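Following: one structure in structure tokens, then a few remarks.
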Amino acid sequence: HSVSLHSNKDENTDILTYEAQKMIGHGAFGAVFIANVLETGETVAIKKVLQDRRFKNRELQTLRMISKRPHPYIVSLRHYFISQGTKSDDVYLNLVMDFVPDTIYSISRYFAKRKEQMPLLSVKVYVFQLARALAHIHGMGICHR
């Protein structure tokens, strides 16, 4: 499934086409797909979130704030677009972000399946990166939930 769109990030008017490959995660608020940017060959992640009219969704606002003050340990928002669902009143916010192939969860599962402990140095690096990222967004007045 491909989507062509004008970029909504800053004043860039390039047309980009995203081709979703497969779902790589899902949760209470939406699903995450791995996708290719056909014009560049880059791999990205697209988080597709159903917009519930009963609640104010601040995710786009928050990600746009963070993209103005990027941090090496925080995934960047590249673009976003709105799409319609199968039901006429379903509206989805699609957040195009950098694709990160591994997560702390996948790495911890890797070691757990082998009944091995994660190396202490790796644990220290991940905790350091997490703490630095949280300090960065807290300094911007953003609280991660």
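Note that the coordinates shown come from a computational prediction; the quantities given were computed from them, not determined experimentally. Residues: numbered from 1 along the sequence shown. Hydrogens, waters and symmetry mates play no part in the numbers below; they use all other heavy atoms, side chains included.
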Test your reading of the model: is there a side-chain donor-acceptor pair from [X] to the backbone of [Y], 3.5 Å cut-off?
| X | Y | value |
| --- | --- | --- |
| S106 | D102 | no |
| Q21 | E19 | yes |
| R69 | M65 | no |

Separation between [atom1] of [X] and [atom2] of [Y], rounded to the nearest 0.5 Å:
| X | Y | atom1 | atom2 | result |
| --- | --- | --- | --- | --- |
| I137 | C143 | CD1 | SG | 7.0 Å |
| Y110 | E116 | OH | CD | 6.5 Å |
| K22 | F33 | NZ | CZ | 12.5 Å |
| L16 | H79 | CG | NE2 | 5.0 Å |
| R109 | R114 | CZ | CZ | 10.5 Å |

So do [Y] and [X] actually touch side chain to side chain, heavy atoms under 4.5 Å?
| X | Y | result |
| --- | --- | --- |
| L77 | L60 | yes |
| N94 | Y80 | no |
| Q84 | V91 | yes |
| Y18 | F81 | yes |
| L93 | I82 | yes |
| H71 | I66 | no |
| L130 | Y126 | no |

For the student: nearest non-hydrogen atoms of [X] and [Y], plus distance:
| X | Y | answer |
| --- | --- | --- |
| K48 | S83 | CE-OG, 4.1 Å |
| A35 | A20 | CB-CA, 3.8 Å |
| D98 | R78 | OD1-NE, 2.7 Å |
| F111 | Q117 | CD2-O, 3.8 Å |
| I24 | F99 | CD1-CE1, 3.7 Å |

Are [X] and [Y] in one and the same hydrophobic cluster, where Ile, Leu, Val, Met, Phe, Trp and Tyr link if side-chain heavy atoms are under 4.5 Å apart?
| X | Y | value |
| --- | --- | --- |
| I34 | V32 | yes |
| L95 | V100 | yes |
| I74 | L134 | yes |
| M118 | V125 | no |
| M23 | I46 | no |

- Please walk me through it: do Y73 and H136 pass side-chain hydrogen bond (donor to acceptor under 3.5 Å, both in side chains)? CA-CA 9 Å; Y73 304 135; H136 180 74; over 6 Å; no

- Task: Assess whether atom NE2 of H138 is packed by more than 12 heavy atoms of other residues, nucleotides or ligands within 6.0 Å.
- Result: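 Yes, NE2 of H138 has more than 12 neighbouring heavy atoms, counting only those of other groups under 6.0 Å.
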
